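Bear in mind that the values here come from a model prediction, so they are computed numbers and not experimental data.
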Amino acid sequence: MEKAAKIVVDCPLRDIDKTFDYMIPPHLDAFIEIGSRVIVPFNRRMVQGFVVDIEENYINNEKFKLKEIDKVLEFPSILDEKLVKLAKWLSFNYNSSLFSCIQSMLPRGIKLQLSEQYSLVRSTLDSDFNDFLSKPRQLGDILDNFQLTKDQINRYLLEGYIKKTLNIKTVVKEKYLQEITLDRDIDEITVPATALRQQQLLELLDNQQRLILSELPAPLRGAVKVFQEKGYIKSKKIKVYREPDTLNLNEVQPKELNCQQQKIFGQLVESIYEESTTTFLLKGITGSGKTEVYLRFVKELINNGKDAIILVPEISLTPMMVSRFKERFGDMVAVLHSGLTEGQKFDQWLKIKEGKVKIAVGARSAVFAPFKNLGAIIIDEEHESTYKQEEQPRYVTRDVAKKRLEQTNGTLLLGSATPSIESYYNSKIGNYKILELNERANNKPLPNIDIVDMREELIKGNKSIFSHSLHSAIGETLGKGEQVILFLNKRGFSATTLCRECGFTFKCPNCDVNLTSHHQGNFLICHYCNYSLSLPNSCPKCSSKHLRFNGLGTERLKEDIQKNFPGAKIIRMDNDTMSTASSYNEVYQNFLEGKANVLIGTQMIAKGFDFPKVTLVGIILADMTLNFPDYKSSEKTFQLITQVAGRAGRADYPGRVILQTYSPEHYSIRTSSQYGYEEFYNEELAMRRSLAYPPFTRLAKIEVVSKSENTGRAVVREIYNKLEEKLENIPESIQLLGPVVPAIPRLKNKFRFMIIVKFPHKTSFLNIINQLNLIKFKSDIITNIKVDIDPATLM
DNA sequence: AGCACGCCGACT
DNA sequence: GTCGGCGTGCTC
């Protein structure tokens, strides 16, 4: 009786989701489990792989003998069985290769670089060759130095002159420090009176007992060497975990919970002891103290011996959340997000894996943090679209979290001031339990939102981008020494640049979009492919000199503010000004300290900011997000307005919000200005129902991207026909739409074609799409096929 | 992805 | 004849 293992190999294959079978040799049997990382021979070379299944009674076929697993890399295994199970679920549900799913669960730095080396076993007739191979050499090295062919090398191998060994290198190395301590009684050590450095070192060692070699100044390291030679000291390697920078931490006493918070806390605590998974939706207005509830809940989990994961929507928000948790839980917290260095990521992951921490705070991929006894996952700002992974595997974090928690009967806690339509609907139909916080902790009312109809301003003869009321409000606010935030969801100077005589507009040569002007209009840049061009003096088509900037971006807004309010000190915050990782924090500090009094920004200013002196928020043009050609644009607009409005009046001064729009009658704008989530939800849900959009149906987006327009069109047609044929015999109603031409048909010089599928929640569609093996429709290397299940947008 | 095989043209 | 160009096919 023999054992075999199913293994996913680290090798991109045409047959996207194939596993390969290998024998488990008896001497490795004790170390191989589901989730083990192994090295296997694969088509004349060695590759890395993961064990995803073990077959106990494998009968080896004489005709087709399986190869054996060569090495096991870690024991206990790098992934546990539960995570492998989750990877299989991911692979099935998001039409992704099992390998890509496993990869997304591990830090990239864990990857190995394999290379083969040759060394001498017994002497050949060529003495130069013998000398050369006295130490291990790469094949390329040998071929460069000797007139040998690969065949001749292989003959040497066969005849036993040389041998091949596998060299395994990790991309990221674990970090160690040298710690030195005295190895003798201090009285036994005599240092010459002239040796100043040695005396300093001895004194330091006497005072501090242990010293870290790399922290000593260079001259003292010389003295360390002398001591080492004399045997006065011993040194020891100590493992350190690389830590990301954190904001300044203060000792913080837990805040008293108010009545609402207390009640919610009670319900969360109850769920810890339940033998099933509960999903809670915590709907709490800005400033209602959601984080304090998270902190208390996590404390309770830890007291029960469980681990917790806290997810935040983007990297810039992690430092805030991390410091809140570190203040309360000290070094029980690990941080995981893509802004860390490879080494930091690796070490933070290792700390979790080794059970050294109980809490992980991070971006979406932290949902896979390798805790053994996961008690809860908290998803803060659950409605954010950043929780959708846009690369393979294209998962929805909320659904992955739920699936993962089912393995340990853990609790899923979704928090938001403006829950996604899907989540709120789920709470209405009883899938999630709703928890509500509608009192602000400081009892301050939410700021008033005044809508200004920009059409009327135009009729009144006001052609500027500021309505009368916004203009005077900015003046007043600045006059009182208070601060203003202006929100505009478009970076750059102007949206389009056109010729006033012939109507020519500047377009990107690679994408079907207009170029956005930057740097006072001197440069034209494509926001999709970064193509840029300096603005010519005249129209390329008719040579007219009358070029005009149309539409408004943050850059021009800044210029206009400067013109209208000469005393204003302005900071701009958008993708262009946020070049480095630290700039976010810099802007935050500068504005907080009052070094500027106007903050202009795109949606990145909508979240997390807490400035006590901001009393006015201006939304320059709410229509910008509203007119996005996507079924979620109303929802996004509502959420953005609510969030941005929440930046005003956070401390002692009352705040106000002025919202400028050309469509004040739109329900997103109407309801958000009243903080009417329920009204918005009802209108939006009715719309979704009538048009058959989520949550009433599920969506899939199949996108064909090709350098050749004709190939792309042909491939999408072929897929459509095949799908149509497969769906014929299915009783459930699955709706195929397309092929659809997307809003931007050409991006980075590639043509795009889409098929949209609407399918029910209980579905066999996933089976069908997985069996279809779309890769085989791929006719050439210039055509790509992407499948996105539950996409964040249909664009 | 890599690695070998094979089939064709350019050269000793 | 044979060296090497890269198109094609396979990987338990």
Return all side-chain donor-acceptor pairs below 3.5 angstrom for residues 27-40 of chain A, not counting sequence neighbours, or 'none' if the list is empty.
{"unit_1": "A:Asp29", "atom_1": "OD1", "unit_2": "A:Lys3", "atom_2": "NZ", "d": "3.0"}
{"unit_1": "A:Glu33", "atom_1": "OE2", "unit_2": "A:Ser77", "atom_2": "N", "d": "2.8"}
{"unit_1": "A:Glu33", "atom_1": "OE2", "unit_2": "A:Ser77", "atom_2": "OG", "d": "3.1"}
{"unit_1": "A:Ser36", "atom_1": "OG", "unit_2": "A:Glu33", "atom_2": "N", "d": "2.9"}
{"unit_1": "A:Ser36", "atom_1": "OG", "unit_2": "A:Glu33", "atom_2": "O", "d": "3.0"}
{"unit_1": "A:Arg37", "atom_1": "NE", "unit_2": "A:Glu74", "atom_2": "OE1", "d": "3.4"}
{"unit_1": "A:Arg37", "atom_1": "NE", "unit_2": "A:Glu74", "atom_2": "OE2", "d": "3.3"}
{"unit_1": "A:Arg37", "atom_1": "NH1", "unit_2": "A:Gln48", "atom_2": "OE1", "d": "3.1"}
{"unit_1": "A:Arg37", "atom_1": "NH1", "unit_2": "A:Ile110", "atom_2": "O", "d": "2.8"}
{"unit_1": "A:Arg37", "atom_1": "NH2", "unit_2": "A:Glu74", "atom_2": "OE2", "d": "2.6"}
{"unit_1": "A:Arg37", "atom_1": "NH2", "unit_2": "A:Ile110", "atom_2": "O", "d": "3.4"}

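Donor-acceptor pairing under 3.5 Å, judged by distance alone, is absent between the side chain of A:Arg45 and the base of B:dA4.
Distance A:Phe42 CZ to C:dC10 P: 13 Å, rounded to the nearest Å. Distance, A:Lys6 NZ to C:dT11 P: 15 Å, rounded to whole Å. When the C1' atom of C:dC12 is taken as reference, atom CG of A:Asp70 falls 14 Å away, rounded to whole Å. Note: CZ (A:Phe20) to C1' (B:dA1) measures 12 Å, nearest angstrom. To the nearest angstrom, P of C:dG9 lies 15 Å from CZ of A:Arg44. Rounded to an integer number of Å, the gap from CD1 of A:Ile153 to P of B:dA4 is 12 Å. The interatomic distance linking A:Met46 (CE) with C:dT11 (C1') rounds to 14 Å, in whole Å. In this structure, CG of A:Asp10 is placed 9 Å from C1' of B:dA1, rounded to the nearest angstrom.
Annotation: A:Tyr528, atom OH; neighbour count of heavy atoms from other residues, nucleotides and ligands within 6.0 Å does not exceed 12. At most 12 heavy atoms of other shown residues, nucleotides or ligands fall within 6.0 angstrom of atom NZ in A:Lys707.
Listed by first residue number, the stems of DNA chain B with at least three Watson-Crick or G-U pairs below 3.5 Å are B:1-11 with C:1-11.
Classification of the A:Phe368-A:Tyr395 ring pair by plane angle, with boundaries at 30° and 60°, yields perpendicular.
Of the candidate nucleotides C:dC10, B:dA1, B:dA4, C:dC10 has the atom lying nearest to any side-chain atom of A:Asn43.
Between A:Tyr241 and the options A:Lys351, A:Gln348, A:Lys356, A:Glu174, a side chain to side chain donor-acceptor pair (under 3.5 Å) holds for only A:Lys356. With respect to A:Gln392, the side chain to side chain donor-acceptor pair (under 3.5 Å) criterion is satisfied by exactly one of A:Ser91, A:Ser100, A:Ser104: A:Ser100.
Using a 4.0 Å heavy-atom distance criterion, A:Tyr22 is classed as a sugar-phosphate-only contact.
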Inset, instruction - Report the C-alpha separation of A:Asp53 and A:Lys6 in whole Å, then their side-chain angles, then the decisive distance to 0.1 Å, and conclude whether the salt bridge (Lys or Arg N to Asp or Glu O under 4.0 Å) test is met. - result: CA-CA 5 Å; A:Asp53 263 314; A:Lys6 287 203 183 303; over 6 Å; no
Legend entry - salt bridge (Lys or Arg N to Asp or Glu O under 4.0 Å) evaluation trace for A:Lys85 with A:Glu81: CA-CA 6 Å; A:Lys85 215 173 145 196; A:Glu81 202 171 334; over 6 Å; no
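Within residues 28-40 of chain A, no residue has any heavy atom under 4.0 Å from DNA chain C.
Without hydrogens or angle criteria, A:Lys388 side chain to A:Asp790 main chain gives a donor-acceptor distance under 3.5 Å.
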